[in-house]
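So the structure is just underneath, and the comments pick up after that.
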Amino acid sequence: MNHLLTSMVMDLAFELRQNKKQTACITVTVRYSTFETVTKQAKIPYTALDSVLISKTKELFKQLYQKRLLIRLVGVRLSSLVSGFEQIDLYSESEEQYSLCQAMDKIRRRFGPGSIKLASAIDLNL
């Protein structure tokens, strides 16, 4: 399930950066086979960085997930969008993350959205 969440968030974050937007709210929705639907939302500082969004999404999913039930649907929504670019602190690790995102975005623009992914976004159970 982690690879699916990672892949979904990477696609959303890429779209955010393409539109020069940032988000301050992440919502994760899980629908079980019984059609029970649960949702969890969290506010975060404005960002469009994959690493921040992925870690928060996984944290929210972990709070929602009940192992005894089968999952029918998982959804991730980003809201509270604003226009602008990431403000990077001096000597921050986010500078490296931002450089990584820029390099991956450049490859995606040239070769297509599915051309590059983080290893954690790849499903090894093929």
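Everything quoted here is computed from the prediction, not taken from an experiment. As a basis for the values below, the full set of heavy atoms in this structure was taken, side chains included, without hydrogen atoms, waters or symmetry mates.
Atom CD1 of residue Ile26 and atom CD of residue Gln41 lie 10.0 Å apart, to the nearest 0.5 angstrom. The line from CD1 of Ile54 to CE of Met8 is 11.5 Å long, rounded to the nearest 0.5 Å. In this structure, the separation between SG on Cys25 and NZ on Lys43 is 4.5 Å, given to the nearest 0.5 Å. Expressed to the nearest 0.5 Å, how far CZ of Arg72 lies from CZ of Arg31 amounts to 8.0 Å. Put simply, OG1 on Thr57 and CG on Leu78 are 7.0 Å apart, with the number rounded to the nearest 0.5 Å. Between atom OH of residue Tyr32 and atom CG of residue Leu70 there is a gap of 10.5 Å, rounded to the nearest 0.5 Å.
Residue Thr29 forms a side-chain contact (heavy atoms from CB on, under 4.5 Å) with just one option from Thr37, Val38, Val74, and that option is Thr37.
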- Message: Let's go through Thr23 and Tyr46 carefully: what are the C-alpha distance in whole Å and the side-chain angles of both, what is the deciding distance for side chain to side chain contact (heavy atoms under 4.5 Å, CB included) to 0.1 Å, and is it a yes or a no?
- Response: CA-CA 5 Å; Thr23 185; Tyr46 284 104; 5.9 Å; no
Original post:
Passes side chain to side chain contact (heavy atoms under 4.5 Å, CB included), Ile44 versus Leu53? Steps please.
Top reply: CA-CA 9 Å; Ile44 58 171; Leu53 297 172; 3.6 Å; yes
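When the side chains of ILVMFWY residues are joined at heavy-atom separations under 4.5 Å, either directly or via intervening members, Phe35 and Tyr65 end up in two distinct hydrophobic clusters. Taken together through direct or relayed side-chain contacts under 4.5 Å among Ile, Leu, Val, Met, Phe, Trp and Tyr, Ile116 and Leu4 form part of one hydrophobic cluster. When the side chains of ILVMFWY residues are joined at heavy-atom separations under 4.5 Å, either directly or via intervening members, Phe14 and Leu5 end up in two distinct hydrophobic clusters. Hydrophobic clustering (ILVMFWY, side-chain heavy atoms < 4.5 Å, transitive): Leu64 and Leu73 are in distinct clusters.
In this structure, Lys62 does not pair ionically with Glu59, as no charged nitrogen and carboxylate oxygen lie closer than 4.0 Å.
Side-chain atoms of Phe61 and Val30, non-hydrogen and from C-beta on, do get closer than 4.5 Å to each other. Between Leu81 and Leu16, the closest side-chain pair of non-hydrogen atoms falls below 4.5 Å. Contact of the Thr34 side chain with the Leu69 side chain is registered, since non-hydrogen atoms from C-beta on lie closer than 4.5 Å.
Counted by atom type alone, Ser83 and Lys21 present one or more donor-acceptor pairs between their side chains at under 3.5 Å.
Judged purely by atom type and a 3.5 angstrom limit, Ser7 has no side-chain atom pairing as donor or acceptor with the backbone of His3.
Partners of Asp105 according to the salt bridge (Lys or Arg N to Asp or Glu O under 4.0 Å) rule, which considers only residues two or more places apart in sequence or in another chain, are Arg17, Arg108.
Other residues, nucleotides and ligands contribute at most 12 non-hydrogen atoms within 6.0 Å of the CD atom of Glu15.
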